[in-house]
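Worksheet: one structure, shown below.
When reading the values below, keep in mind they use all heavy atoms of this one structure, side chains included, and skip hydrogens, waters and symmetry mates. Quick note on labels: first sequence line is chain A, next is B, and so on, each numbered from 1.
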Number of protein chains: 2
Amino acid sequence: MKTDTVFKRAFNDVLDLVSRLPNGSTLPSENTLGARLKISRTTVRKVIAALETQGVVTGAGRERVVRTVGETARPFPHAETIPMAAQVEERFMEWLLRDNARPGTAINELELARKFGMATTGIREFLNRFQRFGLIEKRPNSGWVFKGFTTSFALELFEIREMFELRSARALAALPGDSPLWAQLEALQREHLQLLENIETRFHDFSDLDSRFHRLISTAAPNRFIDSFYDIITVIFHFHYQWNKQDERQRNEVAIREHLTYMDALFGHNIALVELACRAHLVSAKQTLLRSTSQK
Amino acid sequence: MKTDTVFKRAFNDVLDLVSRLPNGSTLPSENTLGARLKISRTTVRKVIAALETQGVVTGAGRERVVRTVGETARPFPHAETIPMAAQVEERFMEWLLRDNARPGTAINELELARKFGMATTGIREFLNRFQRFGLIEKRPNSGWVFKGFTTSFALELFEIREMFELRSARALAALPGDSPLWAQLEALQREHLQLLENIETRFHDFSDLDSRFHRLISTAAPNRFIDSFYDIITVIFHFHYQWNKQDERQRNEVAIREHLTYMDALFGHNIALVELACRAHLVSAKQTLLRSTSQK
DNA sequence: CGTAGGTTTCTTATAGACAAAAATCATTTG
DNA sequence: CAAATGATTTTTGTCTATAAGAAACCTACG
């Protein structure tokens, strides 16, 4: 059976939306709600039905009215609004990093299914998608092997990353001044400066900013294969940041300053400087990653 | 239920192996057979049991003897020895190319399952793996869309291909003369020359040679992400060759000559010449591909 | 007559079952 | 006791079933 995470997320969203409405106002139409929440009318109706039994919405048909007074309905826990497929990645990476980080470790679908409390189908599907990250490999009719978060993995990853990033950075620097990308880059620059001011408390926020910065650069010359590669980078770094907390504040501060230099070079449209700043940043990012890989 | 393609392929292989043995010789041990056919002993025993009922092998336990006289057992049809997962790709590409090549076409798992005579699980698994080829995209809770074999697809593919190929070619040219790769490259050179001699009849054989040539170059500096990208190239070109038969003989002849020039440059360790030959070949390959893409 | 709600049909996400194949454990024999 | 066969346990590949969710169709009201 499907999980009803779509319904639960939508329920919470509508609850939130409705709570901002004045008491007694009419509910937006089913189509409007569906469009706003990016779900089908079928699910909208299910949500409305649930809200009716909870007394948040009264009336029927075109005459549905919001009642925000009285005890409000309780939203579903956040965990139940995340689709299963998305949760597997999180749990799998945690399992890899905490328990079984050794290269060559066999990955057993049945064991994972039991550990994660789900059917093997879901595990298989995840592993098949995860394969492209280059960390696991399939042995037909036998299981999967974890190839290890090794030095060579990091080196291979960064070889490609450098090629792609330099190419995108050059393309961006060559963009005319009236491209909307410059405004977006300026906004990101401000975010970097703000983060730098509050680095002591907010240093965890860098992971997300980092991903957005590099992805923005890659949009200067869109290429589906490069975009797809950035998914890999994002996931690897996301978990690397979660796992390796050593010197996190300081590492992130250094990276922010490198980003700022990199952005200055971009704003200056100076290809040579851009390449220099880009390379410098990637070298330092590579060193950070390399410090937490296993040998071979 | 699993298909028994492993058993059937193994059965055919053992039948073939046994037919070369003199009548009355003892059968190799189960372990030996398993190692040679890359299958588990369980399947070896199943094959032996089948051969016993067919009278090709007599005796039991350690005393099993081959009987090649009399009517020999019939092998299983080749089609039944190919694992289902491998067959889907073939059928899917054919379906894409023949029937529904239009960008934006919705891909319906259930419909494909019915058309291919298999369960939806198998289709899903295939589509999830095929996603990395950049030709399809998933809409959660809805189906998949075919993004189209478009001009931009070809351009994006070749942008990456050129980056990767130039980098590998440079690495290969820089390899010392005693590297085993040079001998392998010489062997490939001979294959090219032979194919060129019989181009009129054997021009279909180029597809395979092409793939092996470019993959050999990439082994000069192994990188899992590049290898993975070559899988995409190989599949795309495999089906492109099957689909677009126009001028096939001539196109392949041109490509062979380009390869030969490229190889000469590599043997000469002349980076500038290598880059020239490599670029020239890729440009012409790109043109070929572009000629059969749809607009946008 | 176009937009909204009501109803029906179709598709996807996930679980569960089971034979094929692998992996492990046990026994025999030279 | 090492290498082979025999028996048993686990795991994978594939199918079927079903609720959640999307999509399509229908009806009614302003």
Side-chain angles (χ1 to χ4, degrees), chain A residues 1-10 26-34 37-49 59-64 83-85 88 106-114 117-128 138-144, chain B residues 1-10 26-34 37-49 59-64 83-85 88 106-114 117-128 138-144:
Chain A
M1 194 189 35
K2 261 188 165 178
T3 54
D4 55 354
T5 53
V6 173
F7 161 69
K8 285 176 175 165
R9 181 186 61 76
T26 50
L27 199 69
S29 86
E30 295 176 356
N31 276 318
T32 313
L33 284 171
L37 304 179
K38 304 233 166 79
I39 53 174
S40 74
R41 255 187 68 220
T42 309
T43 309
V44 171
R45 305 191 99 232
K46 202 174 154 186
V47 168
I48 293 176
R62 274 157 232 237
E63 304 289 322
R64 283 194 274 242
M84 207 203 46
V88 195
I107 295 168
N108 186 315
E109 293 176 4
L110 210 60
E111 188 191 329
L112 283 183
R114 280 191 290 252
M118 55 190 297
T120 48
T121 330
I123 301 288
R124 279 176 81 77
E125 189 167 323
F126 165 73
L127 292 172
N128 267 311
K138 189 167 178 53
R139 300 281 149 83
N141 287 311
S142 174
W144 300 76
Chain B
M1 194 188 36
K2 261 187 164 177
T3 55
D4 56 355
T5 53
V6 173
F7 161 70
K8 285 175 174 165
R9 181 187 60 77
T26 51
L27 199 69
S29 85
E30 295 175 357
N31 277 319
T32 313
L33 284 171
L37 305 179
K38 303 233 166 75
I39 53 173
S40 73
R41 254 187 68 221
T42 309
T43 309
V44 172
R45 303 190 101 230
K46 201 174 154 187
V47 168
I48 292 176
R62 274 154 232 239
E63 304 287 321
R64 284 194 275 242
M84 207 203 46
V88 196
I107 296 168
N108 186 316
E109 294 176 2
L110 210 61
E111 188 191 328
L112 283 184
R114 279 191 290 252
M118 56 189 298
T120 47
T121 329
I123 302 288
R124 278 175 81 75
E125 189 167 322
F126 165 73
L127 292 173
N128 267 313
K138 190 168 177 55
R139 300 280 150 85
N141 286 312
S142 175
W144 300 77

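Rounded to an integer number of Å, the gap from CZ of A:R45 to P of D:dG21 is 15 Å. A straight line from CG of B:L27 to P of D:dA3 spans 19 Å, rounded to a whole angstrom. C:dA22 atom P lies 13 Å from atom CZ of B:F7, rounded to whole Å. Regarding A:I123, its CD1 atom lies at a distance of 18 Å from the P atom of D:dT14, rounded to whole Å. One can place NZ of A:K138 at 4 Å from P of D:dG13, the figure rounded to the nearest angstrom. In this entry the distance linking CG of B:L110 with P of D:dG21 reads 19 Å, nearest Å. B:L127 places its CG atom 14 Å from the C1' atom of C:dA13, with the value rounded to the nearest Å. When the P atom of C:dA22 is taken as reference, atom CD1 of A:I107 falls 19 Å away, rounded to whole Å.
B:A10 and B:I39 make their closest contact through CB-CD1, 3.6 Å (heavy atoms, listed as atom of the first residue, atom of the second, distance). A pairwise comparison of heavy atoms in B:A119 and B:A113 identifies C-CB, 4.0 Å as the closest pair.
For the OP1/OP2 pair of C:dA20 and a distance below 4.0 Å, the side-chain nitrogens and oxygens of B:T43 include no atom meeting the criterion. At C:dT11, one or more side-chain N or O atoms of B:N108 fall inside 4.0 Å of OP1 or OP2 (strictly under the cut-off). Remark: A:T3 is in phosphate contact with C:dT14, judged by side-chain N or O atoms under 4.0 Å from OP1 or OP2. Within the 4.0 Å cut-off from OP1 or OP2 of D:dG13, not a single side-chain nitrogen or oxygen of A:R139 is found. Of the side-chain N and O atoms in A:K8, none sit less than 4.0 angstrom from OP1 or OP2 of D:dG21. For the pair A:S40 and D:dA22, the criterion of a side-chain N or O lying under 4.0 Å from OP1 or OP2 is met. Between D:dG21 and A:K46, a contact under 4.0 Å exists linking OP1 or OP2 to a side-chain N or O. Under 4.0 angstrom from either OP1 or OP2 of D:dT11 there lies at least one side-chain N or O belonging to A:R114.
For C:dT12, its base never sits under 3.5 Å from the side chain of B:R124 at any donor and acceptor pair. In the interface, the side chain of B:R41 is paired with the base of D:dG6 through a donor and an acceptor atom under 3.5 Å apart. Residue B:R62 places no side-chain atom within donor-acceptor reach of the base of D:dG6, judged by atom type and a 3.5 Å distance cut-off alone. Residue A:T42 places a side-chain atom within donor-acceptor reach of the base of D:dA23, judged by atom type and a 3.5 Å distance cut-off alone.
Counting only distance, with no hydrogens or angles, the side chain of B:N108 and the backbone of B:E111 share a donor-acceptor pair below 3.5 Å.
In this structure, B:T121 reaches the bases: a heavy-atom distance under 4.0 Å links it to at least one base atom across the strands shown. Within 4.0 Å (heavy atoms only), A:G122 reaches no atom of the nucleic acid at all.
Nearest nucleotide to the A:K2 side chain, out of D:dA22, D:dG21, C:dA20: D:dG21.
The only member of A:K46, A:R62, A:R64 that meets salt bridge (charged side-chain N to carboxylate O under 4.0 Å, His left out) when paired with A:E30 is A:R64.
Between B:N128 and B:W144, some side-chain heavy-atom pair lies under the 4.5 Å cut-off. Contact check for B:N31 versus B:R41: side-chain heavy atoms found under the 4.5 Å cut-off.
Where A:S142 and B:N141 meet DNA chain D, the nucleotide closest to each residue was compared, and A:S142 sits on the side nearer the 5' end.
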